[in-house]
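Take a look at the structure below.
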Amino acid sequence: MTMENLFRLVDQDQDFFQRKWTLVNGPVIVGAGPSGLATAACLKEQGVPFVVLERADCIASLWQKRTYDRLKLHLPKQFCQLPKLPFPEDFPEYPTKRQFIDYLESYAKHFDINPKFNECVQSARYDETSGFWRVKTIVTSDSNKTEFEYVCRSLVVATGENAECVLPDIEGLSEFGGEVIHACDYKSGEKFKGQKVLVVGCGNSGMEVSLDLCNHNASPSMVVRSSVHVLPREIFGKSTFELAVLMMKWLPLLLVDKLMLILAWLVLGNIEKYGLKRPSTGPLELKNTKGKTPVLDIGALEKIRSGDINVVPGIKRFSRGQVELVNGEKLDIDSVVLATGYRSNVPSWLQEGEFFSKNGYPKASFPHEWKGKAGLYAAGFTRRGLSGASSDAMRIAQDIAQVFKDETKQLRMRTVARHRRCISLSQF
């Protein structure tokens, strides 16, 4: 059946053999971050061949190239490990950035996962006539670029929720004159020592960048344009996330949200007087419905209370060396860090409109977001972090393995049947 479909593909594309291409006897996985690695490892355990494509020159490029030095996992390690291989026992409860990267590299080595690096997917579409996915890439080697095409029966989208940084269009920013960087390019506050820095955004990245700037003797002002949930990372010595997971086993989500906010108030006090207004929707419900992660405080709130981090409202416009806020206040600043988040890049390359929506997320919500039609899968779009990516990987691998084994079995049966017919014909 595969060869028959391949002939159909060649018939409708006369230039097919003039291009560089390969037929993949298994899925193509786009992305070598945690989601892609987890899916590959689960497929390896099932005995299914695959190809992993990665546009960067390393695995987990977000972690290796676009994160700040002080970053640690916000959740305990047992909620962040990938399938089939736990973290080393000597790792702390909240591993550092370097430790997590080491874990991912050892994970890839353990399962013998060898991504094809520097291959940027330009397009991927399903060919209904042949029943194959056609994945076109540009391979970069030194200064040379080569077009290549992969033909496969299934496609796993594992580029994740944070493939591209979001750069807001703010009036006058181009006229500001000082340094403007996105948080993905921020490494340390050392270079900002003695500067007045405006941090645009109050999520986990905005809070941690502001804290890091304080620790390097800079003066950060953090823009809080909308409401935000701030929770302690731990409550009475226990992980806040672990506590929420435990309560969710017995109580409805809305009640868990109310209990979490009561506990947060007991630990943190009233944070609204510092300019941090809480949303009307609870933290867990907001995460599940909008994908907006609550901030887990690791010290920034103390700096806000002391005045070392200045909380300011939204921005009206920038001018030379200055920013005007929506309340009319003007601040002299030296640099700007845009902690404005990330987004999916799936719509820029996946030519499909039924499974994925225009925002780059699957239209179906968890736990049904991992599988589309015609062999299309999504790994790491659950809005549930690394634990969600691991759940996706196991489901995807099991589903693909079942199809792969069924097709292999049918192929063997057809081969044996044809062989027997040949013998019987030779006897006449």
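What you are looking at is a predicted structure, and each value in this text was computed from that prediction instead of being measured.
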* Kindly determine whether Q46 and K405 satisfy side-chain hydrogen bond (donor to acceptor under 3.5 Å, both in side chains), including the steps that lead there. => CA-CA 10 Å; Q46 295 276 5; K405 289 171 184 176; 3.2 Å; yes
* To do: List the steps and the verdict of side-chain hydrogen bond (donor to acceptor under 3.5 Å, both in side chains) for E208 and H74.
  => CA-CA 11 Å; E208 286 204 41; H74 290 160; 2.4 Å; yes
* Asked: When you look at Y377 and D399, which way does the side-chain hydrogen bond (donor to acceptor under 3.5 Å, both in side chains) test go after all the steps?
  -> CA-CA 10 Å; Y377 300 89; D399 196 70; 2.6 Å; yes
* Asked: Can you list the steps and then say if E234 with S239 is a side-chain hydrogen bond (donor to acceptor under 3.5 Å, both in side chains)?
  -> CA-CA 4 Å; E234 295 181 342; S239 160; over 6 Å; no
* Given the rule in the side chain to side chain contact (heavy atoms under 4.5 Å, CB included) test, do L386 and F79 qualify, once you have shown the distances and angles that lead to the verdict? -> CA-CA 7 Å; L386 292 164; F79 297 103; over 6 Å; no
* Derivation and outcome, side chain to side chain contact (heavy atoms under 4.5 Å, CB included), residues H229 and L261 -> CA-CA 9 Å; H229 278 300; L261 291 176; 3.8 Å; yes
* Verify side chain to side chain contact (heavy atoms under 4.5 Å, CB included) between T39 and D392, making sure each step is shown before the conclusion. => CA-CA 8 Å; T39 304; D392 282 345; 6.0 Å; no
* Asked: Yes or no on side chain to side chain contact (heavy atoms under 4.5 Å, CB included) for V52 and I113, after CA distance, side-chain angles and deciding distance?
  -> CA-CA 8 Å; V52 181; I113 302 169; 4.3 Å; yes
* **salt bridge (Lys or Arg N to Asp or Glu O under 4.0 Å) between K363 and E369, worked out** => CA-CA 7 Å; K363 293 178 181 179; E369 85 307 328; over 6 Å; no
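Between the side chain of D334 and the backbone N or O of V197, no donor-acceptor pair lies under 3.5 Å. Put simply, the side chain of S61 never gets that close to the backbone of C58: no donor and acceptor are under 3.5 Å apart. Within the 3.5 Å criterion, the main-chain N or O of F356 finds a donor-acceptor partner in the side chain of E352. At distances below 3.5 Å, at least one donor-acceptor pair connects side-chain atoms of Q64 with backbone N or O atoms of I59. Distance alone, capped at 3.5 Å, places no donor-acceptor pair between the S210 side chain and the P220 backbone. Without hydrogens or angle criteria, D57 side chain to F117 main chain gives no donor-acceptor distance under 3.5 Å. A distance-only check finds a donor-acceptor pair linking the side chain of D257 to the backbone of L284 [under 3.5 Å]. Side chain of N345 to main chain of S348: no donor-acceptor pair is present (N/O by atom type, distance under 3.5 Å, no hydrogens or angles). Remark: the backbone N or O of V135 is not paired with any side-chain donor or acceptor of E149 at under 3.5 angstrom. In this structure, the side chain of D297 engages the main chain of A300 through a donor-acceptor pair within 3.5 Å.
Note: I309 CD1 to K303 NZ = 8.0 Å, rounded to the nearest 0.5 Å. Taken to the nearest 0.5 Å, the CZ atom of F366 stands 13.0 Å off from the CZ atom of R383. Going from atom SG of C184 over to atom OH of Y68 covers 12.0 Å, rounded to the nearest 0.5 Å. From F355, atom CZ reaches atom CG of L350 across 9.5 Å, with rounding to the nearest 0.5 Å. The CG atom of L37 lies 11.5 Å from the CG atom of L85; values are rounded to the nearest 0.5 Å. To the nearest 0.5 Å, the span separating CG on L338 from OG1 on T340 amounts to 5.0 Å.
Contact of the V51 side chain with the I29 side chain is not registered, since no non-hydrogen atoms from C-beta on lie closer than 4.5 Å. V403 is not listed as a side-chain neighbour of S154, based on a closest heavy-atom distance of 4.5 Å or more. P347 places none of its side-chain heavy atoms less than 4.5 Å from the side chain of K358. Residues V24 and V151 form no side-chain contact, since every pair of their non-hydrogen atoms from C-beta on lies 4.5 Å or further apart. F318 has its side chain within reach of L198: a pair of non-hydrogen atoms, C-beta onward, lies under 4.5 Å apart. Between M248 and L253 the shortest side-chain heavy-atom distance falls below 4.5 Å. You'll find the side chain of I298 reaches within 4.5 Å of the side chain of R70, heavy atoms only.
Under a cut-off of 6.0 angstrom, the local environment of NZ in K292 is crowded, with over 12 non-hydrogen atoms contributed by other residues, nucleotides or ligands. Within 6.0 Å of the CG atom in D90, the count of heavy atoms belonging to other residues, nucleotides or ligands exceeds 12. Within a 6.0 Å sphere centred on CZ of R225, other residues, nucleotides and ligands contribute 12 heavy atoms or fewer. Around NZ of K145, the count of heavy atoms belonging to other residues, nucleotides or ligands within 6.0 Å does not exceed 12. Q78 CD: more than 12 foreign heavy atoms inside a 6.0 Å radius. Q351 CD: more than 12 foreign heavy atoms inside a 6.0 Å radius. By the 6.0 Å contact criterion, CD on E354 is open, its count of non-hydrogen atoms from other residues, nucleotides or ligands being 12 or less.
Between W63 and F100, the distance separating the two ring centers is shorter than 6.0 angstrom. F91 and Y103 have their aromatic ring centers separated by at least 6.0 angstrom.
Taking all atoms of both residues into account, the shortest heavy-atom contact from T289 to E285 is OG1-O, 2.7 Å. Taking every heavy atom of both residues into account, L73 and C80 meet most closely at CD1-CB, 3.8 Å. Nearest heavy-atom pair, P88 versus K77, reported as atom, atom and distance to 0.1 Å: O-NZ, 3.6 Å. Across C42 and K84, no two heavy atoms sit closer than the pair SG-CE, 4.4 Å. Looking at every heavy atom in both residues, R98 comes nearest to I101 through NH2-CG2, 3.0 Å. Contact detail for F381 and P362: the closest heavy-atom pair is CB-CD, 3.5 Å.
In this model, a donor atom of one side chain and an acceptor atom of the other lie less than 3.5 Å apart for T67 and K97. With hydrogens and angles left out, the side-chain atoms of K287 and T293 include a donor and acceptor closer than 3.5 Å. In the model, S344 has no side-chain atom that pairs as donor or acceptor with a side-chain atom of E161 under 3.5 Å. Defined by atom type and a distance below 3.5 Å, a donor-acceptor pair is missing between the side-chain atoms of K72 and Q99.
Figure legend: cation-pi geometry between R153 and F404 absent, as NZ or CZ is not positioned both under 6.0 Å from the six-membered ring centre and within 45° of its axis. Note that R134 lies outside the cation-pi zone of Y150, set by a 6.0 Å cut-off to the ring centre and a 45° limit from the axis. Cation-pi check for R343 over Y361 is not met; the charged atom does not lie both under 6.0 angstrom from the ring centroid and within 45 degrees of its normal.
Checked options R55, K136, E54; the residue passing with C120 is R55 (criterion: side chain to side chain contact (heavy atoms under 4.5 Å, CB included)).
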